[in-house]
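Read through the structure below, which is laid out as structure tokens, and then see the notes.
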2 protein chains.
Amino acid sequence: MRAVDALILARMQSDVPVIPMLAEHLIAAGGKRLRPMLTVAAARACGATGAIDAPLKLAAAVEFIHTATLLHDDVVDTSDLRRGKVAAHLIWGAPSSVLVGDFLFARAFELMVETDQMRALGILAKASGVISEGEVLQLTRAHDLNLDRDTYLQIISAKTAELFAAAAEAGAVGVGADEAAVTALRAYGLNLGLAFQLADDALDYGGASETLGKNAGDDFNEGKATLPLLLAVARTRGREDAFWDRTISKGQRTPDDFRRARELVIGTGALGATLDTAGEFADLAKAALSVLPPSDWRDALESLADFAVSRAA
Amino acid sequence: MRAVDALILARMQSDVPVIPMLAEHLIAAGGKRLRPMLTVAAARACGATGAIDAPLKLAAAVEFIHTATLLHDDVVDTSDLRRGKVAAHLIWGAPSSVLVGDFLFARAFELMVETDQMRALGILAKASGVISEGEVLQLTRAHDLNLDRDTYLQIISAKTAELFAAAAEAGAVGVGADEAAVTALRAYGLNLGLAFQLADDALDYGGASETLGKNAGDDFNEGKATLPLLLAVARTRGREDAFWDRTISKGQRTPDDFRRARELVIGTGALGATLDTAGEFADLAKAALSVLPPSDWRDALESLADFAVSRAA
């Protein structure tokens, strides 16, 4: 991962000063480097030993794509915190965030071109398209209290899990793994991504800002219809309709509303049910790994699935 | 070009309804399809006969990249007209414009992957990065009356001419042209792009809204330091400093200011000088074509260079 970090830092440079400044603000803030780690670990779990030049570049490309979507997301959501720091668009303005996102996206493809791995590039190009489709879908259904569970899962599958899937799949493809391993790692990544996003959505009602790197209550305060909220709405039907209608559908919120929403999400068991669903996807992720030969890397991927859910506990 | 249009329409589809709606708003509005035409014409001018599957897909990808940058530009500039229609972000909101731009950018790369032409893909990936660098540079120097001519040319080279260059180069690479032809078509595209942007910047002071597809005066009303403005500022130094300082540096404009700015830009010969510079680049573009064998396609590319400048006359 040190090699990936070095690549990331080297390739976000530009003669236009605001670009590395803005990129560094977000990339140096860290985050977990979860997605590029998947690419590297997938390559290793497929038995690659020695230098893995292509997967390292693909991993850096994955992080660039992720960072680009974060920059654009923050503009779309008008978030004020990201990775525990003030969101970039509040410092440099939304236009810079949009354009530096574009720059990082382009850089991602330049890195992929260097690997000369067209199949891996195709996987990440497709994922990029699916992510933006998921984001648009989320945007158009953002405050919709009638969102059903399947549509919600479709949204997070596209906007989050697809990049996890592509990151792991590209790592396997990048070292010429056999098709069974490629399929398994894609399935692993997809289910891991779903578990991760569900846990994240739960954390917004159950976690503290310090462990989140964003504000607890952000989703609620943006009126986002996430699963814990949708479940709480369903479980309080007839009792709290006016509250949800006002705070989510109409978007009229007072500073105190989040406390009440949180009580309802926790009290109705909606939080627990969301975490249970996250746990089910984590189990599916682990199960997908069974076709791979036993190795320390396979174990690490298994642990990662547990981590994705447990951080929310 | 009909085949390219068909590809464009087919590949901007998505199950998420707002995406094709927004994309169609802009793409169906037409524009001149200048950039994809370059890709096709370059391939043909290199002697390709019969089916040219790869260049057609590359051409559609070029138009997608261009459309994505327009969508993001409109958000950055908060323009209200594009291609003679109300800008998309005013109908669907800035977030949708950002995300649909991302979608089209991803689709561009998916199309390029299908051609299996890594070199052409690399050319367009690099161009995409350069474009966003140019946009950021323009953003940070937007209202700077001290912008020198070289920096101005550097900005329009990056934000506009690079895609013209890459479009023509990719067309040549896409049909396996020899290196001399590839280099020539890149040089042609770059100079054509410079001529085109200079003429466009001149038109903002000399043209009518109907022929522009945008509002005459848009650049001035956004306080943009383009060459005609910079030349007029230099040629009225000591006389009009207060006017330029107020309208551009401070951004305090009244509806009547554009009329006065236009008079100064025309009266000082700044408009004519900008068009002369455009003409010089058009000549360089035409000269670059001399290494290609004579053909109807080479003639068409020559005419295009004349058209780029003459539409401003």
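So that the names make sense, note that chain A is the first sequence line, chain B the second, and so on, each numbered from 1. Only this structure's heavy atoms are used, side chains among them; waters, hydrogens and symmetry mates stay out.
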Nearest heavy-atom neighbours spanning Ala106(A) and Ala125(B)
CB-O, 3.8 Å

In terms of heavy-atom pairs under 4.5 Å with chain A, the winner among Gly134(B), Pro95(B), Ala127(B) is Pro95(B)

So Lys126(A) and Val113(B), do their side chains get closer than 4.5 Å, heavy atoms only?
no

Could you tell me whether the side chain of Val100(A) reaches within less than 4.5 Å of the side chain of Ser132(B), counting heavy atoms only?
no

Which one wins on heavy-atom pair count under 4.5 Å against chain B: Glu135(A), Arg119(A), Glu133(A)?
Glu133(A)

Can you tell me how far CD1 of Ile123(A) sits from CD of Glu110(B), rounded to the nearest 0.5 angstrom?
12.0 Å

Aromatic rings Phe105(B) and Phe105(A): how do their planes relate, parallel, tilted or perpendicular, breaks at 30° and 60°?
tilted

Residue Val18(A) versus chain B: region with a heavy atom under 4.5 Å:
side chain

Tell me if the CG atom of Asp53(A) is crowded by more than 12 foreign heavy atoms within 6.0 Å.
no

Nearest-0.5 Å distance, CZ of residue Arg107(A) to OG of residue Ser128(B)
11.5 Å

Non-hydrogen side-chain atoms of Leu139(B) and Ser96(A) separated by less than 4.5 Å
yes

Residues of residues 141-175 of chain B contacting chain A, heavy-atom criterion under 4.5 Å, by residue number:
none

Check the pair Met118(B) / Gln117(A) against side-chain contact (heavy atoms from CB on, under 4.5 Å), numbers first and verdict last.
CA-CA 9 Å; Met118(B) 192 60 96; Gln117(A) 300 240 9; 5.6 Å; no

Between chain B and each of Val136(A), Thr140(A), Leu137(A), count heavy-atom pairs under 4.5 Å; write down the option with the most.
Val136(A)

Nearest 0.5 Å please: distance from the CG atom of Asp102(A) over to the CD1 atom of Ile65(B).
11.0 Å

Is any residue of residues 8-16 of chain A within less than 4.5 Å of chain B by heavy atoms, and which ones?
Ser14(A), Asp15(A), Val16(A)

Can you tell me which of Leu22(A), Ile131(A), Val98(A) forms the most heavy-atom pairs within a distance under 4.5 Å of chain B?
Val98(A)

